[in-house]
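Along the sequence shown, residues carry numbers from 1. Computed over heavy atoms, backbone and side chain alike; hydrogens, waters and symmetry mates excluded.
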Amino acid sequence: MTSIEIRNNSELFVPDNPSIGYIEGDGIGPDISRTAISVINAAVEVAYGGSKHIEWKKILAGEEAYKGTGQHLPQDSLEEIRKSIIVLKGPLTTPIGEGFRSLNVTLRQLFDLYANIRPVRYFPGVPSPVKNPEKMNMVVFRENTEDLYAGIEWKYNSEEAAKFRKFLADTYSVNLTDDTGVGVKPISRFRSNRLVRMAIKYAISNKRRSVTLVHKGNIMKYTEGAFKEWGYEVAAAEFKDKTVTEEEYLKAPEKYSDRIVIKDRITDNMFQQVLTRTEDYDVIATTNLNGDYLSDALAAQVGGLGIAPGANIGDVYAIFEAVHGTAPKYASMDIANPTSIMLSGAMMLKHIGWDAPSEILDNAITMAYKDQKVTQDLARVLNIKPLKCSEFGNEVIKRMKPIRQ
């Protein structure tokens, strides 16, 4: 077992037998995590014939950790994540309205995983609520550490909320009623810039066509609007020879045919655009709350969160996760759809530079869906016999083929 290392500040050094951490998660987490790990291992074996393999290190978090330690996220687990650098994670429980803070948000902030990356594309054979789901092929880069995820808010009847309301009234003549809860929405140049920078680098390296800055800057000019302006500034200052604004491109499309087009859309309009002009959008860079809504809305067009992967990536650490919830009523029943975490595993393999097994896994999942090998969430829509979670994994493994060089 050999640890992954960081060299030259942000460059990954990955040995042939890297130690990678995994968090099973709550509810259906253990079922889908076990299946995902078996499928990832199979893809690595098909790609490398035994010359490379992953040594998996279990990391406790969530309900299992609480039962054993009295903590949902023990310090020992945080140390294991630091050692692993790369982690595969199942869904973790987050209480609504009360209880402990979201473990997902905590992990993102502790390890500065500032980019939530959500690729969304259609798999042939998957039922969809839209007429042309095959037009969907977008990647959302959502800022992960500020905006609403900063978690700065106070209950309406708290001392802090009263002080804040008084400050607003005394200093800015903004008068709020005494029953008003208050929150702060911070958006910074530094954190906006690095998110947009990562999105543009992704677009360039993956030969994408455009990056769209999604914002509500028509109303919130100094937070959302600033995000848009800073995004354009990053493109102009750091990627001048690789990008072009939409305005410039439309004047001379032939001249800029090899450039990444940088454009922006207001959030509410963007929801309409991704339905009516789906093919016009490619990579999306946006603030936290906008990205939360938008990435789920995109996933709904191609079959739902069960087949949507996600990654939380920073300059050092990366956690690849199932983006759906824990579905506790299906826990230990071996019926949940493991595709989200399996595709997140494919993203993980690509992130560590293991492109061949990543492609093998992605292709095998695609073929399984083409053959209508599906779990109960999709089988009931297609009116066919469902596969168990583990059975779906086996069907994916059966379809794995080496990549021809």
Side-chain angles (χ1 to χ4, degrees), residues 1-5 12 14-45 52-69 71-93 103-104 106-108 110-111 113 116-117 308-314 316-327 331-332 334 336-354 357-358 361 365 389-390 392-393 396-397:
M1 183 182 296
T2 309
S3 297
I4 294 173
E5 298 177 13
L12 281 179
V14 181
D16 289 343
N17 59 331
S19 172
I20 292 179
Y22 73 97
I23 296 170
E24 283 191 344
D26 300 326
I28 60 173
D31 287 348
I32 64 173
S33 295
R34 281 193 295 269
T35 296
I37 287 174
S38 69
V39 169
I40 293 168
N41 288 342
V44 172
E45 175 66 26
K52 295 184 180 184
H53 67 277
I54 295 171
E55 298 285 348
W56 295 95
K57 172 70 174 178
K58 185 173 181 178
I59 299 173
L60 291 179
E63 293 174 354
E64 183 180 15
Y66 186 77
K67 289 176 183 177
T69 69
Q71 296 178 298
H72 289 91
L73 194 57
Q75 188 61 38
D76 287 348
S77 296
L78 297 177
E79 290 302 319
E80 288 295 340
I81 294 172
R82 288 190 179 94
K83 291 177 185 176
S84 297
I85 297 176
I86 306 297
V87 173
L88 183 71
K89 185 182 78 64
L92 292 171
T93 300
L103 297 181
N104 297 318
T106 300
L107 288 170
R108 292 167 185 176
L110 283 176
F111 293 97
L113 307 175
N116 179 238
I117 305 173
N312 299 292
I313 296 178
V316 176
Y317 302 98
I319 296 179
F320 299 82
E321 65 180 359
V323 302
H324 52 71
T326 59
S332 303
D334 193 27
N337 188 344
T339 304
S340 175
I341 194 169
M342 286 164 53
L343 288 171
S344 298
M347 292 177 71
M348 181 194 76
L349 291 169
K350 189 173 180 65
H351 182 75
I352 65 173
W354 290 14
S358 176
L361 176 50
I365 293 171
C389 175
S390 54
F392 178 77
V396 170
I397 291 171

Engineer: Rounded to the nearest 0.5 Å, how far does NE2 of H53 lie from CD1 of I40?
Structural biologist: 14.5 Å
Engineer: Any side-chain heavy atom of P30 sitting closer than 4.5 Å to one from R34?
Structural biologist: yes
Engineer: How far does OG of S344 sit from CG of L349, to the nearest 0.5 angstrom?
Structural biologist: 11.0 Å
Engineer: Mind checking the OG1-CD spacing from T69 to E64? Nearest 0.5 Å is all I need.
Structural biologist: 10.0 Å
Engineer: Under the 3.5 angstrom rule, does the side chain of S84 hit a backbone N or O of I20 as a donor-acceptor pair?
Structural biologist: no
Engineer: When rounded to the nearest 0.5 angstrom, what is the spacing between CD in E45 and NZ in K52?
Structural biologist: 13.0 Å
Engineer: Hey, can you tell me if Y317 and F111 have their rings parallel, tilted or perpendicular (30° and 60° cut-offs)?
Structural biologist: perpendicular
Engineer: Measure the spacing between CG of L73 and CG of L78 and express it to the nearest 0.5 Å.
Structural biologist: 4.5 Å
Engineer: A346 and S358: which non-hydrogen atoms are nearest, and at how many Å?
Structural biologist: O-OG, 2.7 Å
Engineer: Could you pull out the closest heavy-atom pair between A318 and L113, with the gap in Å?
Structural biologist: N-CD2, 4.0 Å
Engineer: Between CD of E24 and CG of L88, what distance do you get to the nearest 0.5 Å?
Structural biologist: 10.5 Å
Engineer: Nearest heavy-atom pair of H324 and P91: which atoms, and what distance?
Structural biologist: O-CB, 3.4 Å
Engineer: Considering only heavy atoms from C-beta outward, does the side chain of W354 approach that of P18 to under 4.5 Å?
Structural biologist: yes
Engineer: Out of the candidates I54, I319, L343, I341, only one should pair with M348 under the side-chain contact (heavy atoms from CB on, under 4.5 Å) rule; please name it.
Structural biologist: I54
Engineer: Measure the shortest side-chain to side-chain distance between Y66 and Q71 over non-hydrogen atoms and say whether it is less than 4.5 angstrom.
Structural biologist: no
Engineer: Apply the test side chain to side chain contact (heavy atoms under 4.5 Å, CB included) to residues H351 and F320: give CA-CA distance (whole Å), side-chain angles for both, the deciding distance (0.1 Å), then the verdict.
Structural biologist: CA-CA 10 Å; H351 182 75; F320 299 82; 3.5 Å; yes
Engineer: Between N312 and K89, do the side chains contain an N or O donor and an N or O acceptor separated by less than 3.5 Å?
Structural biologist: no
Engineer: Between S33 (side chain only) and G29 (backbone N and O only), is there a donor and an acceptor less than 3.5 Å apart?
Structural biologist: yes
Engineer: Indicate the atoms forming the closest heavy-atom contact of S390 with D334, along with that distance.
Structural biologist: OG-OD2, 2.7 Å
Engineer: Got a donor-acceptor contact below 3.5 angstrom from the S340 side chain to the A308 backbone?
Structural biologist: yes
Engineer: For the pair T2 (side chain) and P15 (backbone), establish whether a donor and an acceptor sit closer than 3.5 Å, ignoring hydrogens and angles.
Structural biologist: no
Engineer: Looking only at atom types and distance, does a side-chain atom of S3 sit under 3.5 Å from a main-chain N or O of E5, one as donor and one as acceptor?
Structural biologist: no
Engineer: Over all heavy atoms of both residues, which pair between S38 and I397 is shortest? Give the atoms and the distance, please.
Structural biologist: O-CD1, 4.0 Å
Engineer: Side-chain contact test, heavy atoms from C-beta onward, threshold under 4.5 Å: evaluate it for R108 versus N116 and give yes or no.
Structural biologist: yes
Engineer: Quick check: does any side chain N or O of D31 sit under 3.5 Å from a backbone N or O of S332, one acting as donor and the other as acceptor?
Structural biologist: yes
Engineer: Which heavy atom of A311 sits nearest to which heavy atom of M347, and what is that distance?
Structural biologist: CB-CE, 3.6 Å
Engineer: So, applying side-chain contact (heavy atoms from CB on, under 4.5 Å) with E80, which one of V87, L60, I59 is it?
Structural biologist: I59
Engineer: Knowing that exactly one of I23, T106, T326 qualifies, which makes a side-chain contact (heavy atoms from CB on, under 4.5 Å) with L92?
Structural biologist: I23
Engineer: Any donor-acceptor pair under 3.5 Å linking the side chain of T35 with the backbone of I32?
Structural biologist: no
Engineer: Kindly indicate, with the supporting measurements, whether the criterion side chain to side chain contact (heavy atoms under 4.5 Å, CB included) is fulfilled by I86 and L12.
Structural biologist: CA-CA 10 Å; I86 306 297; L12 281 179; 4.3 Å; yes
